[in-house]
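Remember, predicted model here, so these are calculated numbers, not experimental data. Naming: A, B, ... by sequence-line order, numbering from 1 per chain.
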Number of protein chains: 2
Amino acid sequence: MTVDDRTSSDAAPAGERSTRQKRALARILQETDEFRSAQSLHAALAQTGTRVGLTTVYNQLRALADSGAIDTFRSTDGETLYRRCGTDEHHHHLVCRNCGRAVEVEGPEVEAWATQVARAAQFTDVEHTVEITGICRDCR
Amino acid sequence: MTVDDRTSSDAAPAGERSTRQKRALARILQETDEFRSAQSLHAALAQTGTRVGLTTVYNQLRALADSGAIDTFRSTDGETLYRRCGTDEHHHHLVCRNCGRAVEVEGPEVEAWATQVARAAQFTDVEHTVEITGICRDCR
DNA sequence: GTTTGTGCAAATATTTTGCACTTGA
DNA sequence: TCAAGTGCAAAATATTTGCACAAAC
């Protein structure tokens with residue numbers, strides 16, 4: 001209940017309400033390009049003086065992920081990591097296993113390959129997941 | 001006690017013992033090339049009449065994974081899946097979402113692409129996972 | 001005033017750990 | 001023998017859910 005931030009881009013669709021918690025989470029997600037866990041985001045919110053329940057953070061992240069507003073990624077530690085994506089287009093991520101920094105990558109070849117492979121095996125409704133992980137330059 | 005100390009000639013570092021449980025797990029892993037959860041493997045063992053504790057299954061899977069004998073993958077459900085492939089060579093799977101049937105596929109283009117993408121971003125220790133899913137012909 | 005959203009506490013689910021007991025070599 | 005291996009019970013971790021209450025519209 002600190003700063004009055006009834007901001008900017010909330011073009012809330014019908015039935016969706018704008019709350020202090022939602023705005024705070026959206027702001028935090030906007031500020032970083034790394035994949036972050038729900039716990040991490042929750043802690044970050046607390047540090048900025050914005051108290052948001054952990055349950056609410058999970059609730060919202062799931063809602064955002066379901067609507068496609070953010071991407072999810074599962075770390076090797078078993079945590080689900082979230083990140084706001086720059087584009088709605090299909091793409092993949094190159095993620096640093098150490099710091100979580102992500103680079104968005106495109107792979108026309110991969111898309112084509114996946115489609116072709118599936119067709120050859122007579123599979124339909126094809127979906128694919130590609131996860132590339134490594135250690136980024138700063139973490140070496 | 002006059003101990004005859006002829007130690008220090010430890011040439012057998014891996015004092016690994018063969019047990020009924022280890023053999024059973026190895027056999028199950030050998031039988032499939034699909035990713036399977038610890039719970040699934042535990043259940044499969046039970047069905048063949050081989051009682052192995054869940055803890056032991058986890059213990060062994062982790063040991064095998066650490067030694068590089070099997071690969072691990074995290075599903076979207078949050079489970080860790082394990083697989084033992086016939087070769088050490090890298091390959092991927094095309095899995096039917098309905099019946100679970102899996103087809104092994106190779107993708108030299110994908111390997112090359114992933115490597116190149118990672119190098120361009122100056123990432124090291126690169127790993128990648130590709131999962132293609134769809135509905136197979138028999139399930140249409 | 002009604003409906004959506006929040007968040008505490010408790011429940012689930014997966015995996016790990018403490019520790020006494022087995023067993024292979 | 002005796003350390004490696006096993007497995008029950010309980011802990012640790014991550015996420016979900018029940019539900020009373022608050023806030024948005």
Check this one for me: any side-chain N or O of [X] less than 4.0 Å away from OP1 or OP2 of [N]?
X	N	value
B:Arg51	D:dG7	yes
B:Gln21	C:dT22	no
A:Tyr58	D:dT15	yes

Exercise. Does the ring center of B:His128 lie less than 6.0 Å from the ring center of B:His92?
Worked result: yes
Exercise. Counting side-chain heavy atoms from C-beta on, which of C:dG5, D:dT6, C:dA25 comes nearest to A:Lys22?
Worked result: C:dG5
Shorter than 3.5 Å, N or O on both sides, protein versus nucleotides 17-23 of chain D: list them out with atom names.
| residue | atom | partner | partner atom | Å |
| --- | --- | --- | --- | --- |
| D:dT17 | OP2 | A:Arg62 | NH2 | 3.4 |

Exercise. Mind checking who shares a hydrophobic cluster with A:Leu45, ILVMFWY linked at side-chain heavy-atom distances under 4.5 Å?
Worked result: A:Leu25, A:Ile28, A:Leu29, A:Leu41, A:Val52, A:Val57, A:Leu61, A:Leu64, A:Ile70, A:Tyr82
Problem set entry | Pairs meeting criterion side chain to side chain donor-acceptor pair (under 3.5 Å) with involvement of residues 18-27 of chain B, two or more places apart | B:Ser18-B:Arg23
Problem set entry | Pairs meeting criterion side chain to side chain donor-acceptor pair (under 3.5 Å) with involvement of residues 47-59 of chain B, two or more places apart | B:Gln39-B:Tyr58, B:Thr48-B:Thr50
May I ask you to say what [X] touches in the nucleic acid, namely base, sugar-phosphate or nothing, with a heavy-atom cut-off under 4.0 Å?
X	result
A:Arg74	nothing
A:Gln60	sugar-phosphate
B:Ser18	sugar-phosphate
B:Thr80	sugar-phosphate

Exercise. Of B:Ser37 and B:Arg23, whose closest DNA chain C nucleotide lies nearer the 5' terminus?
Worked result: B:Ser37
Exercise. For B:Arg20 and B:Leu54, take the nucleotide of DNA chain C holding the closest heavy atom to each; which residue's nucleotide lies nearer the 5' end?
Worked result: B:Leu54
For this session: Report the residues that fulfil salt bridge (Lys or Arg N to Asp or Glu O under 4.0 Å) with B:Glu127, sequence neighbours left out, ordered by chain and then residue number.
Result: A:Arg97
For this session: Just report the end-to-end axis angle for the helix from C:dG1-D:dC25 to C:dA25-D:dT1, five pairs per end, to 10 degrees.
Result: 20°
For this session: Find out whether A:Trp113 and B:Val105 are in side-chain contact, i.e. whether some heavy atom of one side chain is under 4.5 Å from a heavy atom of the other.
Result: yes
Problem set entry | Any A:Phe35 side-chain heavy atom under 4.5 Å of A:Arg101 side chain | no
Seminar exercise, completed: Tightest non-hydrogen contact, residues B:Thr72 and B:Ala65, listed as CG2-CB, 3.7 Å
Exercise. Can you check the B:Arg36 CZ to C:dT14 P distance for me, whole Å?
Worked result: 15 Å
Exercise. Within this structure, what is the CG-to-C1' distance between A:Leu41 and D:dA14, rounded to whole angstrom?
Worked result: 14 Å
Problem set entry | Test salt bridge (charged side-chain N to carboxylate O under 4.0 Å, His left out) applied to B:Arg84 and B:Glu31, step by step | CA-CA 9 Å; B:Arg84 157 133 201 178; B:Glu31 289 171 4; over 6 Å; no
